[in-house]
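Shown next, in structure tokens, is the structure this report addresses.
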Amino acid sequence: MNHLRILIILGAAALLVWSCGEDTLSADDVPPQRPVVVPRTDDDAYPQAGVRAEPTSAERFYWVRIEWYRNSEDDLSSYRVRRWSEGTVASEAPIIADLSPDVDLLDNPILFWVDRGDDQFGDPANLLAPTEGFTRGYWWQVQAVDTAGNRSDWSDSLYFRLLYNPYNLNAVGTGDALRLTWNYPIGGASTYLSYYKIRVYSAWFGVDSVKWDYQVQLYADVNSVAFGEGGAFGTLTPDCSYVWQLNAVSLVASDSNDVALAGAAQYITFNYQE
């Protein structure tokens, strides 16, 4: 009789578990693979890859672009990004982005996200901007999350140091007299500056769009170069709009193989006239 009671109780318990849809044997507890970050190319490459200063049209904005390879899992739900600055540690870093592959990220093998320095409430607080004459270095890491809530290990860290932005970018003159001018703060900020990378192009992407690519070292409050100076350049079409992008580049002490880990980027658009 006791054996019969035990069998009845066990059978009822099994039925209860089954009726509730619990199937512990098939529960998904396998996390996604650790995201792999895209190696950074040097500043001579175009289009550039990896972590870098994202060009902005306003000197008060300091943005950084990070890139990683898309995971292959079918049940991927989101990516999380954390950021921390020099003087802090990764374990204390807040989550600054929770990104859906289908909504927040383009459907490409290489994914990217631009950190605009927002605070945790989404306000554009320019948290990445250098302050009090010092540049700032940051690290970013990416984590993959699947639909069951499993989290991957964090990716390798991406490091970048933001310099002060160039400002007052302008294209003046016409035809062969076209000049590009800009300002840069001389003093403590300029001691980090190694050179400027100048590009004029007709579209955002593609090597064929570049009309002029030039590297120059100028250390003055006001800087100016003639379009096409110092090398080959493409023909500009009258009454067409072009983008002029200016990168301030620094080769910091931790660099290897001349891959700059510090910089800033600004751009303007201008209409070319003969």
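Atom set for the values below is all heavy atoms of this structure, side chains included, hydrogens, waters and symmetry mates excluded.
With 3.5 Å as the limit, one finds a donor-acceptor pair spanning the side chains of S224 and R179. For the residue pair Q141/D156, the side-chain donor-acceptor check at 3.5 Å is not satisfied. Residues Q266 and T56 have side chains that bring a donor and an acceptor to within less than 3.5 angstrom of each other.
Salt-bridge formation is not detected for the pair K197/D43: no Lys NZ or Arg NE/NH1/NH2 atom is positioned less than 4.0 Å from an Asp or Glu carboxylate oxygen. Using a cut-off of 4.0 Å between Lys/Arg side-chain N and Asp/Glu carboxylate O, D107 and R70 are scored as salt-bridged.
With hydrogens and angles disregarded, no donor-acceptor distance shorter than 3.5 Å links the side chain of R80 to the backbone of Q143. Using a distance-only test at 3.5 Å, with no hydrogens or angles considered, a donor-acceptor pair links the side chain of N71 to the main chain of Q33. N247 places no side-chain N or O within donor-acceptor distance of the main-chain N or O of V249, the cut-off being under 3.5 Å. A donor-acceptor distance shorter than 3.5 angstrom exists from the side chain of Y242 to the backbone of T237, with no hydrogens or angles considered. A donor-acceptor pair under 3.5 Å links the side-chain atoms of S155 to the main chain of V142, judged by distance alone.
A heavy-atom distance below 4.5 Å is found between the side chains of Y219 and Q217.
The one candidate from W113, W140, Y79 that meets the ring-ring contact (aromatic ring centres under 6.0 Å, His included) condition with W68 is Y79. Checked against W182 for a side chain to side chain contact (heavy atoms under 4.5 Å, CB included), the options N168, N170, L218 give a single hit: L218.
Applying the side chain to side chain contact (heavy atoms under 4.5 Å, CB included) rule to V38 yields the partners A49, E67, Y69, I110; only residues at least two apart in sequence or on another chain are considered.
Taking the ring centre of W154 as origin, the terminal cationic atom of R82 falls inside the region bounded by 6.0 Å and 45° from the ring axis.
Under the 30°/60° scheme for interplanar angles, the aromatic rings of W139 and Y159 are found to be tilted.
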Does the pair L236 and F227 meet the rule for a side-chain contact (heavy atoms from CB on, under 4.5 Å), with working shown? CA-CA 10 Å; L236 301 184; F227 175 78; 3.8 Å; yes

Can you list the steps and then say if F270 with V200 is a side-chain contact (heavy atoms from CB on, under 4.5 Å)? CA-CA 10 Å; F270 67 94; V200 173; 4.1 Å; yes

In sequence, state the C-alpha distance, the side-chain angles, and the governing distance for L178 and Y272, and then conclude on side-chain contact (heavy atoms from CB on, under 4.5 Å). CA-CA 9 Å; L178 176 64; Y272 175 70; 4.1 Å; yes

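You'll find the ring centres of Y46 and Y201 inside the 6.0 Å limit. Aromatic pair F160/Y138: ring centres not closer than 6.0 Å.
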